[in-house]
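This report refers to the structure that appears directly beneath it.
Every chain is numbered from 1, with letters handed out A, B, ... down the list of sequences.
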Amino acid sequence: MSASTDYKGPQPQIELLNAEIPRTDVRAEEEPTVRQVNWTMCNGDFWVIAAPPGAGKTDLLTTAAGLQRPAEGELILFGYPTRGATEKDLLPHRRRIGLVLEAGGRLFNELTVAENVTLPICYHSNCRPDSASEQAARYLEPAGLLPHADAFPTEIHRNLRPRIALARALALEPEVLLLDNPLAGLDPRQARWWLEFLSALVKGHSSFNRRRISVAVTTDDLRPWLEFGGRFALLKQRRWVELGSRADVERSEDQFVKEMLGTYSD
Amino acid sequence: MNSGGLQRSSHAGGRFVRSYLNWIGRWIIKIIRGIHGIGAFALITVAVSVRKFYTAHHVVHPILRQQIYRAGVRMLPMVTFIAFALGLVVIGQSVSLLSRVGATTYAGMIMVTVIVRELGPLAAALLVLARVGTAYVIELGTNRALGEVETLEALGIDPIHFLVMPRVIGLAVSVFSLTTYLIILALLSGYLIAFLQDVPLRPGDYFSQLAASLAWHDFLLLALKTLGFGVIIGIVTCYQGLARPIRLDEVSTVTTLAVVQSLVGCVVLDLLFIVVYLVV
C-alpha cells in the first residue's frame with residue numbers, strides 16, 4: 001500500500017495557541033515579539049506566511065519547530081503539549097519536523113555536500129558516513145545535487161546551496177517541512193524549481209514513495225506563491241493574521257497584502 | 001578654606017568612594033555571574049559526556065580523535081622546542097649553579113619541583129590555550145553567529161554532544177600527553193645541556209636523583225592537574241564561543257575573554273595543587 005492511501009484526513013501537526021513568539025535576534029535592542037499566534041498546521045497543508053524583513057518570520061518557524069518555547073501560550077507538536085516537557089521527551093516530536101533556515105540554509109561548509117546530508121542520518125542511526133552514501137544519494141538526486149556530492153558547499157553555485165539544506169532536512173524523513181524565505185536571492189528559474197518541488201512534496205513526491213509532507217514557508221513576496229500555496233497568513237504589526245485561501249488573498253483590500261502582491265498604488 | 005568649600009570637598013570625596021565601591025560591587029557580581037555560567041555549562045557538559053559518550057559514536061568519536069590529533073599530535077614540534085628551551089633555561093642553569101656550590105645532589109629535587117610539578121604542566125596548558133583554545137572560540141563563535149548551532153538543533157543533534165564533548169575530552173587528553181612528553185624531553189635535554197657544560201654529574205646519579213625525588217603522588221597529581229587544565233581550557237573556550245547568541249563582530253571580544261578566563265582558571269587550579277603538594 002502506498003503512503004498516499006494512508007491519508008486519514010487533516011490531523012493537527014503543529015498547533016500554536018495564543019502564542020507569543022520570543023525574539024532571539026541578538027541585534028535587536030528591545031525584544032519585540034509576534035503576539036497572539038493561533039496557527040494550526042495539519043497534514044497536507046501548504047502554508048505561506050508573508051511578512052516584511054525583521055517581522056519575526058525566523059522566530060515563528062524556530063518556535064513552531066520546537067527549538068524554542070513560546071513566551072506565552074501553547075505549542076503542541078503532533079498532539080504533544082510542549083509546556084514543561086524535557087528536551088529528551090520533545091526530541092522525537094521535533095525530529096518529525098524539518099527546518100530549512102534562511103541565508104542559504106546555514107550549511108556546514110567544512111563538510112562536503114554529501115556529508116552535509118549524511119550527518120543527520122549517521123548521527124541518529126549511528127552509522128559510518130561512508131556507509132550512508134547510498135541513502136544520501138536518495139535525497140541528493142531529486143534535488144539535482146548528485147553531480148556535486150563530493151564538492152564543498154562553497155564550491156558550487158550560490159543558487160544551488162539552499163537545495164543542500166533542503167536535502168539535509170528531507171534526510172530525516174520529516175512529516176512537516178518549515179522553510180524560512182526559501183526563494184530569497186534566487187533567480188526566476190531556480191525559484192520555479194523550488195515552487196514545483198515543494199508543491200510536489202505536499203502532494204507526494206515520486207522520489208519519496210509519494211509520502212505527503214506538509215509545508216510551511218515564510219516569504220516577503222506573496223506573488224510567486226499564489227499559484228502553489230494552499231493557505232495564507234500574514235505577520236502584521238507583530239500579530240498573526242490568517243488570510244485564508246488564494247481567492248481570499250486576491251480579494252483582500254488590506255494595504256499590506258496589496259504591497260506584498262505588488263498591486264498597491266497610492 | 002571656608003566651611004562651604006570643606007563641605008563640597010567632603011561630598012566629592014564621598015561620591016568618589018561610593019562610585020569606587022559601586023565599581024567593585026559590579027565587578028564582583030560580574031565575576032560571580034561568570035563563574036555561575038561556566039559552572040553550569042561545565043556540569044551540563046559532564047552530564048552529556050557521561051550519558052552520551054557512546055551515542056552516535058561512529059560520528060562523534062572520529063571528531064574526538066580529530067581533536068586529539070589537532071590539540072596533541074600537531075602540537076608536538078612546538079612542545080619539543082619549548083621542552084628544549086625549558087631544559088636549557090631551568091635545568092642547565094640550576095645544575096651549573098649547584099655544581100659551583102657543590103650541591104649537585106639537589107639537582108633531581110629542583111628539577112622535579114620546577115619541571116614536573118609546575119612549569120611542565122603550565123607550559124603545555126598555555127601552549128594548547130594559545131594555539132588551539134583560541135581557535136576553538138573563534139570557530140564556535142563564528143558557528144554560533146552564523147546560526148549553525150541552531151541548524152544542529154533543528155537536525156536533532158545536541159551541540160554539546162557534537163561540538164563541546166569532543167573538544168573538552170580532546171583537550172584534556174592532549175594536555176596530559178603533551179605535558180608528559182614535555183617533561184621527559186625537558187629532563188633529557190637539561191642533562192644534555194649540563195653535560196655540554198662539563199658539569200660533573202653522571203647520568204646514573206642524575207636519574208637516581210630524579211627517581212628519589214619523585215613520589216607516587218607526583219604521578220597521580222600530575223595526571224589530575226593536566227587533565228584539569230585541559231578541561232578548564234575546553235570548557236571556558238567552548239562556553240565563550242557557544243553559550244550565548246553572539247554577533248560576528250563580538251567573536252574577537254569573546255576570544256580575548258576566553259583566554260583571560262582560561263588563564264585565571266589554570267592558575268587558580270595550580271594554586272590549589274600547590275596546597276595539595278604541601279599537605280601530602
Side-chain angles (χ1 to χ4, degrees), chain A residues 23-28 58-59 61-62 64-68 87-88 90-111 115-132 153 164-165 168-172 174 177-180, chain B residues 40 44-45 47-48 50-67 70 135-136 138-167 240-251 253-254:
Chain A
R23 184 177 287 275
T24 51
D25 190 347
V26 288
R27 286 165 296 191
T58 308
D59 296 322
L61 291 191
T62 51
L67 294 186
Q68 57 177 354
E87 197 54 35
K88 194 181 168 191
L90 200 56
L91 188 62
H93 304 287
R94 268 183 41 202
R95 278 183 55 191
R96 296 165 76 180
I97 302 168
L99 176 64
V100 179
L101 294 162
E102 76 172 330
R106 299 181 189 176
L107 303 167
F108 306 119
N109 289 324
E110 69 281 8
L111 302 179
E115 285 168 347
N116 262 280
V117 177
T118 54
L119 174 66
I121 300 172
C122 292
Y123 185 85
H124 291 294
S125 57
N126 189 25
C127 62
R128 292 178 198 283
D130 47 357
S131 67
I164 306 171
R168 187 176 61 185
L170 289 171
L172 288 176
L177 193 59
L178 307 175
L179 302 105
D180 191 10
Chain B
I44 293 168
T45 306
V48 168
V50 170
R51 206 158 41 88
K52 294 189 176 176
F53 187 76
Y54 289 105
T55 305
H57 62 86
H58 283 310
V59 176
V60 178
H61 288 193
I63 301 173
L64 172 58
R65 286 195 287 276
Q66 207 177 21
Q67 296 306 329
R70 183 183 179 189
Y136 280 177
I138 294 167
E139 264 172 30
L140 297 176
T142 309
N143 286 350
R144 187 78 163 115
L146 294 177
E148 288 176 17
V149 177
E150 285 82 356
T151 305
L152 283 177
E153 286 175 336
L155 294 169
I157 299 174
D158 180 352
I160 300 283
H161 180 225
F162 187 73
L163 296 174
V164 180
M165 188 190 91
R167 283 173 168 80
Q240 290 300 345
L242 275 186
R244 62 191 175 88
I246 56 170
R247 298 189 306 261
L248 267 180
D249 55 283
E250 288 177 307
V251 173
T253 314
V254 294

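Heavy-atom distances place both the backbone and the side chain of Pro120(A) under 4.5 Å from chain B. Both the backbone and the side chain of Ile157(B) come within contact range of chain A, with heavy atoms under 4.5 Å apart. Looking at Cys122(A), the atoms closer than 4.5 Å to chain B (heavy atoms on both sides) sit in the backbone and in the side chain alike.
Taking 4.5 Å as the limit, some side-chain heavy atom of Glu150(B) sits within range of a side-chain heavy atom of Leu101(A). Looking at Phe162(B) and Leu119(A), their side chains come closer than 4.5 Å, going by heavy atoms from C-beta outward. Side-chain contact check for Asn126(A) versus His57(B): some heavy-atom pair is nearer than 4.5 Å.
At distances below 3.5 Å, not a single donor-acceptor pair connects side-chain atoms of His58(B) with backbone N or O atoms of Ser125(A).
Looking at every heavy atom in both residues, Tyr123(A) comes nearest to Gly156(B) through CE2-O, 3.8 Å. For the residue pair Ala154(B) and Arg94(A), the shortest heavy atom distance occurs at N-NH2, 4.3 Å.
Rounding to the nearest 0.5 angstrom, the gap separating the CD atom in Gln68(A) from the CD atom in Glu153(B) is 10.0 Å.
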Inset, instruction - Starting from the C-alpha separation in whole Å, work towards a yes-or-no answer on side chain to side chain contact (heavy atoms under 4.5 Å, CB included) for Thr151(B) and Arg168(A). - result: CA-CA 10 Å; Thr151(B) 305; Arg168(A) 187 176 61 185; 2.9 Å; yes
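Checked against side chain to side chain donor-acceptor pair (under 3.5 Å), Asn143(B) has no partners two or more places apart in sequence or in another chain. Scanning for salt bridge (Lys or Arg N to Asp or Glu O under 4.0 Å) contacts around Glu139(B) gives Arg70(B), Arg167(B), with sequence neighbours left out.
Of all the listed residues (Gly98(A), Pro129(A), Ala171(A), Cys127(A)), the one sharing the greatest number of non-hydrogen pairs under 4.5 Å with chain B is Cys127(A).
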